[in-house]
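Scroll down for the structure; my scribbles are underneath it.
Computed over heavy atoms, backbone and side chain alike; hydrogens, waters and symmetry mates excluded. For clarity, every value in this text was computed on a predicted model and none was experimentally measured. Remember, it's 1-based here, ligands and their atoms both numbered in the order they're listed.
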Amino acid sequence: MFVTDNVKYIGVDDKDIDLFESQYVVPEGVSYNSYVIMDEKITVMDTVDARATEEWVSNLKEVLGDKSPEYLVVSHLEPDHAANIQKVAEMYPGMKIVGNAKTFQMLPQFFDFDLTDRTVTVKEGDELSIGSHTLQFFMAPMVHWPEVMVTYEKSEKILFSADGFGKFGAINSDEEDDWACEARRYYFNIVGKYGAQVQALLKKASGLDIAIICPLHGPVLKEDLGYYINKYDVWSSYEPEDKGVLVAYASIHGNTAKAAKACAEMFENKGVEKLELFDLSRDDMAEAIEAAFRYDRMVIASATYDGGLFPVMEDFLAHLKSKNYQKRKVALIENGSWAPVAAKKMADMLESMKNIEICEKRVSIKSVMKEADKAAIEEIVDAML
Ligand code: FEO
């Protein structure tokens with residue numbers, strides 16, 4: 001991938017990983033991005049995951065030739081970017097590591113090498129001249145680890161944005177995709193909890209003249225940057241991106257599923273164009289979470305199980321709470337053959353979240369949806385239009 005004449009991409013695509021962070025399916029893989037700024041003092045921007053060491057070292061050597069880097073900037077210590085810090089520090093004993101106080105507090109937790117005389121500690125707004133390029137550092141705590149910082153290169157107006165503006169999907173993927181789709185799934189599942197911190201970072205970024213965004217995952221962004229920044233602004237403020245409805249169900253034998261599908265069909269028949277239906281037992285949970293944040297309304301349908309919720313619904317709501325789900329309208333459908341409690345359990349979990357309006361009407365099905373249940377579902381659909 002070409003960045004600029006002086007800024008070289010040395011990242012690696014990982015197309016074989018089964019689960020990113022041991023939890024997210026990535027059908028199109030993921031990229032671990034790393035860059036080298038060629039100047040008087042050659043500077044490497046982050047490393048890559050241990051899964052990609054060999055290819056990354058080869059990319060690095062190809063760019064450096066017989067030269068040695070002066071600095072390694074560490075934006076983020078999470079192992080998908082930092083796994084090779086010790087390796088590169090040992091390869092280039094004269095190289096210094098640039099980070100902030102928190103970086104160097106946490107770095108020894110991951111590695112075992114002598115940092116004496118090897119560190120350059122920077123703080124908010126500090127600048128580091130590396131020749132014709134000047135790096136300026138801005139702290140981005142909890143986007144999404146405490147030590148995260150972003151780097152602005154002043155001469156070419158490049159923002160090295162750490163995990164911000166990243167997405168799932170290898171850079172050299174066969175699938176043409178719409179950036180927002182996998183960027184949104186990445187954002188809400190990985191960074192979603194930290195909307196306030198992302199807002200703080202966007203505020204800092206708004207004071208910079210940015211021509212290129214170099215994230216740690218996914219493509220380098222060079223055009224129409226306002227589009228991406230606007231998406232991040234909407235997502236991090238927890239505002240719905242689209243008017244639409246997510247219908248998500250947790251069904252044991254298919255009867256709750258039938259009710260959820262009937263509900264989705266009614267929304268469609270009544271003209272709701274953006275509608276997504278998820279089987280929480282089988283569909284990708286991360287995608288269901290993404291859809292919950294994307295739309296302004298949600299209907300959740302769950303079987304009662306062991307006097308509580310069917311586990312996938314409990315898991316879904318626990319994820320939403322941990323990602324700070326808020327400012328949405330939700331309607332409830334429960335099912336239970338002898339003592340239905342799912343609606344109350346779902347309401348209890350939703351009430352612990354911020355600014356959730358729960359539709360007063362609730363549908364309670366006993367085992368199998370009947371005509372009267374269909375009428376009750378239609379009432380909640382009307383109330384949600
Ligand atoms: Fe891509 Fe937070 O690491």
Exercise. What class does the angle between the rings of Trp145 and Phe110 fall in, given that below 30° is parallel, 30 to 60° is tilted and above 60° is perpendicular?
Worked result: parallel
For this session: Report the relative orientation of the aromatic rings in Phe20 and His217; use parallel for angles under 30°, tilted for 30 to 60°, perpendicular for over 60°.
Result: perpendicular
Exercise. Tell me, which protein N/O/S atoms are under 2.8 Å away from atom 1 (Fe) of ligand 1?
Worked result: Asp80 OD2, His81 NE2, Asp163 OD1, His217 NE2
Problem set entry | Of Asn33, Asp46, Asp163, the residue whose pairing with His81 passes side-chain hydrogen bond (donor to acceptor under 3.5 Å, both in side chains) | Asp163
For this session: Show your reasoning for whether side-chain contact (heavy atoms from CB on, under 4.5 Å) applies to Val220 and Phe2.
Result: CA-CA 9 Å; Val220 168; Phe2 178 77; over 6 Å; no
For this session: Sequence neighbours left out, what passes side-chain contact (heavy atoms from CB on, under 4.5 Å) with Val341? Give chain and number order.
Result: Thr304, Lys345
Exercise. Does the pair Glu241 and Trp235 meet the rule for a side-chain contact (heavy atoms from CB on, under 4.5 Å), with working shown?
Worked result: CA-CA 7 Å; Glu241 186 179 345; Trp235 297 342; 2.7 Å; yes
